[in-house]
Amino acid sequence: MEIRKLGQDEKAGTRALYEEVFLEDSEAFVDYYYTEKTKDNVVYGAEEDGRFQAMLHLNPYVLSVNGSERKAHYIVAVATRREYRRRGYMAALIRRALRDMYRAGETFTFLMPAAEEIYLPHDFRTVYEQEKRYYSGQEGYEPLRAGECGALSEAADAYLSASCQVFAKRSEAYYRRLMKECASDGGRLMVKKEGGGISDCRIFFPDPDEGKPKIMTRIIDVRRMLMAVTARSFMAACFFVTDPVIEENNRCVMITGTEFSGIMLMDGKAENSEGEITVAALASLLFGAKSTEEVCREKGVKMTERMKGELAKLVPLSKIYLNETV
C-alpha cells in the first residue's frame with residue numbers, strides 16, 4: 001500500500017471510489033465536486049492492486065480567527081473501499097495530511113464526521129453544530145444573481161466579523177462557487193434586500209436537510225493555536241502539551257498575556273511545568289467545548305489548581321460559524 005499526494009491529473013481517478021462510498025450524493029453533485037472543488041484542493045490516495053482503495057481530500061478555505069486571516073483545510077471525502085477496510089488506511093491518510101498541514105504552517109483543521117467516534121482517536125473534538133438557514137417561502141426574498149456576489153460577500157463578511165470569532169471568509173468567488181454547489185442539488189441562494197443593500201441570504205432546496213451536522217476540529221500547530229486566542233486579564237501558565245501524531249507539538253510552553261497585549265508564547269522549562277494537557281483536550285478548551293474542570297477529567301490531562309485558574313482566563317473561540325458542506 002502506497003499513500004501519496006495526487007497530481008492534478010490523477011484526482012479524477014478517485015471518482016469511482018467517491019461514487020461507491022458516498023451513495024447519498026447525486027450524480028450532478030459529484031459532477032460539480034470533481035469539476036469545481038478539485039481545481040484547488042489536495043487529494044491523498046492509498047493505492048493498492050492497481051487502483052485507489054482509500055482517499056482523503058483537503059479543501060482550502062481562508063478563515064477569520066479572532067480577526068486574523070488563516071489558511072486552513074476542510075477534511076472531506078474520507079473513504080475506503082469496503083473490502084479494504086480495517087487495514088489502517090484511513091489512519092495513515094489522516095497522519096500524512098496532519099503532518100503536511102503542520103509543515104505548511106496551518107493552525108487547525110476541521111471536518112464534518114459521519115460519526116464522531118471515527119475521529120476521536122485521531123484527536124478531533126466536536127466544537128460546533130451547524131445551523132443552516134433555509135428559505136421556505138419567506139416574503140421579500142429573490143434569487144441571488146451572479147453579479148450580486150460581490151455585494152453579498154461584503155455584507156456577509158461585515159456581519160460575521162461583528163458576531164463570530166471563527167468563520168470562513170466570504171468573497172465573490174466564494175458565493176459564485178456556492179451558487180454552483182446549490183444548483184447541483186436543485187437549489188439556489190435567496191437574498192433579501194433592504195435599504196439599498198443585501199440584508200440576508202438563505203439557501204433554498206426542494207427537500208432541505210433539517211439536521212444539525214457537527215463540526216470537529218483538530219489542532220495542527222499548538223503554538224499558533226495558543227496565540228490565536230485572547231485573555232480576559234493578566235495570565236501566565238507553564239505546561240506540557242502531548243500529541244501522538246505531530247511530534248513538534250510535544251513541548252513545554254510558557255504562555256502569558258493580558259486583555260491588552262494579546263497572547264505571548266515561549267518555550268517553558270520542565271521544572272516550571274504546572275501540568276500536562278493532550279492536544280485533543282486543548283482543542284476542547286480553546287474552542288469552548290469544555291471548561292478546565294471538564295478537560296481535567298480526560299485521560300492524559302493533569303493541572304494544578306493555579307493552572308486551572310490561569311487557563312480559565314483565556315477567551316475561548318466559541319463563536320463559530322463553519323457551515324460549509326464540502
Side-chain angles (χ1 to χ4, degrees), residues 2-8 10-11 14 33 37-46 52 54-66 68-80 88-114 116 118-128 165-169 174 214-229 241-251 253 265 277-287 289 317 320 322 324-326:
E2 178 189 7
I3 289 181
R4 58 188 177 86
K5 186 185 296 186
L6 305 189
Q8 189 64 30
E10 295 180 290
K11 293 179 183 179
T14 65
Y33 187 90
K37 299 297 286 189
T38 58
K39 287 179 181 178
D40 57 1
N41 76 348
V42 177
V43 179
Y44 295 93
F52 298 117
M55 66 178 178
L56 178 151
H57 295 213
L58 299 180
N59 290 348
Y61 283 90
V62 176
L63 302 185
S64 176
V65 182
N66 264 346
S68 297
E69 290 189 2
R70 294 173 185 260
K71 292 181 179 180
H73 281 96
Y74 187 13
I75 299 177
V76 303
V78 183
T80 304
Y89 289 5
M90 189 190 82
L93 286 165
I94 289 174
R95 287 195 298 268
R96 169 68 188 274
L98 293 176
R99 290 167 180 159
D100 282 357
M101 285 186 278
Y102 179 88
R103 284 190 284 269
E106 297 181 28
T107 304
F108 67 90
T109 186
F110 61 107
L111 56 78
M112 182 195 299
E116 291 172 278
I118 295 173
Y119 296 97
L120 291 174
H122 304 286
D123 303 298
F124 286 82
R125 292 296 182 266
T126 299
V127 299
Y128 175 65
Q165 295 164 291
V166 180
F167 63 91
K169 293 284 291 181
Y174 176 100
K214 292 177 169 58
I215 292 294
M216 303 180 82
T217 63
R218 207 282 187 189
I219 293 174
I220 297 296
D221 189 319
V222 163
R223 291 170 297 181
R224 293 177 188 273
M225 191 71 240
L226 286 168
M227 294 183 71
V229 298
V241 180
T242 60
D243 187 333
V245 175
I246 302 173
E247 180 62 31
E248 294 87 346
N249 282 335
N250 290 285
R251 57 177 62 244
V253 297
L265 200 66
I277 187 168
T278 63
V279 71
L282 187 62
S284 293
L285 182 67
L286 296 184
F287 283 99
L317 297 167
I320 302 168
L322 292 173
E324 287 63 37
T325 301
V326 291

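Just so you know, these numbers use all the heavy atoms, side chains as well, and skip hydrogens, waters and symmetry mates.
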Under the salt bridge (Lys or Arg N to Asp or Glu O under 4.0 Å) test, residues paired with K71 that sit two or more places apart: none
Side-chain (K11) to main-chain (N41) donor-acceptor, under 3.5 angstrom: yes
Qualifying residue, where the test is ring pair (Phe, Tyr, Trp, His ring centres under 6.0 Å) with H57 and the options are Y74, Y33, F52: Y33
V229 to N66 - nearest heavy-atom pair and separation: CA-ND2, 3.8 Å
E2 side-chain N/O to G45 backbone N/O, donor-acceptor pair under 3.5 Å: no
Aromatic plane relationship, F287 with F108 - under 30° parallel, 30 to 60° tilted, over 60° perpendicular: perpendicular
Donor-acceptor side-chain pairing of Y44 and D100 below 3.5 angstrom: yes
Side-chain donor/acceptor of R125 to backbone N/O of L120, under 3.5 Å: yes
M112 to E324 - nearest heavy-atom pair and separation: CE-O, 3.7 Å
Contacts of type side chain to side chain donor-acceptor pair (under 3.5 Å), residue E106, not counting sequence neighbours: H73
Side-chain donor or acceptor of N249 paired with backbone N/O of V222 under 3.5 Å: yes
Short side-chain to backbone donor-acceptor contact, R224 and G105, under 3.5 Å: yes
Close side-chain approach of L58 to K5, heavy-atom, < 4.5 Å: no
Nearest heavy atoms of V65 and A228, plus distance in Å: CG1-CB, 4.0 Å
D221 vs T107 side-chain heavy atoms within contact, under 4.5 Å: no
Side-chain touch I246/I219, heavy atoms, less than 4.5 angstrom: no
Residue pair Y102 / E247, side-chain donor-acceptor N/O under 3.5 Å: no
Donor-acceptor under 3.5 Å (K169 side chain, E69 main chain): no
